[in-house]
Amino acid sequence: MINKATILDGKNLSNIIQKSLALEVAKLKENNILPSLCVVLVGENPASVSYVNMKAKACLNVGIKSSIIRLSENITQDELLKQIEFLNNDKNINGILVQLPLPKHIDTNLILECININKDVDGFHPYNIGRMYANIDTFLPATPLGIMLLLKHYNISLKGRDVCIIGASNIVGKPLSLMMLNEGASVSICHILTKDLRQYTLKADIVCVGVGKINLLTADMIKENAVVIDIGINKRNNKILGDANFNEISKKASFITPVPGGVGPMTISALLQNTIKSAKIQSNIKA
Ligand code: GUN
């Protein structure tokens, strides 16, 4: 059977968004506003190093100034807090992103809560999470925001749709569930303790999966014409694979994101969008 699913082309949409962001940055620069992002990387986790480098490259692409602060895996919590406090007070830095995960000896929540709420381009500060919860304009976490932009671009409405999200992380699953709920979806969040995953996926109009397990979602687990959003990034034999079995599912779903080239590039564009928003907020321009 031939593939029937339309590919949700995140790479292409991301290029379109970045072209428009580049124009926006050029206009800000005419008014002497230079959006800037500082990424804090603790340790040398290869995946984190690769993500951070991609973020810096994308900044360059649209004219955003970026810097990476590389810190030792052994940095103390107090030293890291001091570093963030320094960035909070640096007028030349608009957005601050602390790459996660952090080493185990550091309290991640404490670090995230220390970031200036107007520089919190990840949207992970409890203040901004609260605003997202209440559906008030704020910084929305980049991966869920990227997914929402992708669905919007392909005119996939969330109103009255049944959504199943597999993965309940603070970075993706939880914020995605709120954002989709705010758009009128009925959302189920499944996780490692969910007794019967299939019971949820089979009912869903839209299935989002992001737990880091190759082939977790198979064609027999979705209904005909479902929309499948694959947030997984797994490496096998030097190839990047998602969490969904693309070959099977693309013959049954109506839409599917490829990995790579789906959610990943959208995450980066959403981060750039948030960085420009932070520059505008700090220059008292309506974002
Ligand atoms: N690690 C994996 N995804 C993310 C993200 O969106 N933001 C941060 N800060 N760290 C991450």
Side-chain angles (χ1 to χ4, degrees), residues 10 14 36-59 64 66-71 73 75 80-81 83-84 87-88 93-104 106-117 119-129 132 138-150 165-179 208-213 229-235 240 242-243 257 259-260 262-275 277-278:
S14 182
S36 69
L37 173 71
C38 182
V39 178
V40 178
L41 175 65
V42 181
E44 287 165 14
N45 174 323
S48 292
V49 170
S50 152
Y51 297 150
V52 161
N53 288 337
M54 280 194 282
K55 287 168 186 176
K57 193 172 155 213
C59 281
I64 292 174
S66 81
S67 49
I68 302 175
I69 296 188
R70 295 167 201 272
L71 300 169
E73 177 87 23
I75 189 170
L80 181 56
L81 284 170
Q83 180 63 249
I84 292 168
L87 297 173
N88 281 342
I93 302 280
N94 301 124
I96 302 171
L97 182 148
V98 178
Q99 186 66 25
L100 302 179
L102 288 170
K104 285 202 169 51
I106 292 175
D107 179 346
T108 300
N109 286 334
L110 187 77
I111 299 299
L112 296 177
E113 210 166 346
C114 159
I115 296 172
N116 180 325
I117 54 171
K119 296 189 174 188
D120 176 31
V121 286
D122 256 330
F124 292 162
H125 189 292
Y127 173 87
N128 288 319
I129 296 172
M132 172 178 61
T138 188
F139 293 109
L140 297 169
T143 301
L145 175 57
I147 293 170
M148 299 300 278
L149 293 172
L150 193 57
I165 298 174
I166 310 171
S169 71
N170 289 345
I171 295 179
V172 184
K174 284 190 217 167
L176 181 61
S177 70
L178 275 176
M179 288 161 68
C208 307
V209 58
V211 295
K213 204 167 168 197
I229 305 295
D230 192 345
I231 313 155
I233 302 178
N234 309 290
K235 233 181 177 178
I240 304 285
D243 289 355
T257 56
V259 179
V263 173
M266 291 305 299
T267 297
I268 303 248
S269 288
L271 170 66
L272 301 178
Q273 198 170 297
N274 280 348
T275 303
K277 187 184 179 96
S278 71

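Note that ligands are numbered from 1 as they come in the structure, with each ligand's atoms numbered from 1 the same way. The figures here come from the full heavy-atom set of this structure, side chains too, leaving out hydrogens, waters and symmetry mates.
- Using a 4.0 Å cut-off to heavy atoms of Leu97, the atoms of ligand 1 that qualify are 9 (N).
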side-chain contact (heavy atoms from CB on, under 4.5 Å) evaluation trace for Ile129 with Asn170: CA-CA 10 Å; Ile129 296 172; Asn170 289 345; over 6 Å; no

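- Legend: residues meeting side chain to side chain contact (heavy atoms under 4.5 Å, CB included) with Pro103, ordered by chain and number and at least two apart, are Val42, Glu73, His105, Ile106.
- With a heavy-atom cut-off of 4.0 Å, Leu100 touches ligand 1 through backbone and side chain alike.
- Residue contacts with ligand 1, taken as heavy atom pairs separated by less than 4.0 Å, do not involve Tyr51 at all.
- When only non-hydrogen protein atoms are considered, atom 11 (C) of ligand 1 lies nearest to Gln99 NE2, 3.5 Å.
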From CA spacing to verdict: side-chain contact (heavy atoms from CB on, under 4.5 Å), Ile240, Lys235: CA-CA 5 Å; Ile240 304 285; Lys235 233 181 177 178; 3.9 Å; yes

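- The ligand atoms of ligand 1 that sit less than 4.0 angstrom from a heavy atom of Val98 are 8 (C), 9 (N).
- Nearest heavy-atom pair, Ser48 versus Leu100, reported as atom, atom and distance to 0.1 Å: OG-O, 3.8 Å.
- When Asp122, Val40, Ile268 are ranked by how near their heavy atoms come to atom 8 (C) of ligand 1, first place goes to Asp122.
- Side chains of Lys213 and Asn234 form no contact here, defined as non-hydrogen atoms less than 4.5 Å apart.
- Looking from atom 3 (N) of ligand 1 to the surrounding protein, the closest heavy atom is Ile171 CG2, 3.8 Å.
- Atom CG of Leu71 sits about 11.0 Å away from atom CD of Glu44, to the nearest 0.5 Å.
- For a threshold of 3.5 Å applied to N or O pairs, the pair formed by Thr143 and ligand 1 contains no separation below that value.
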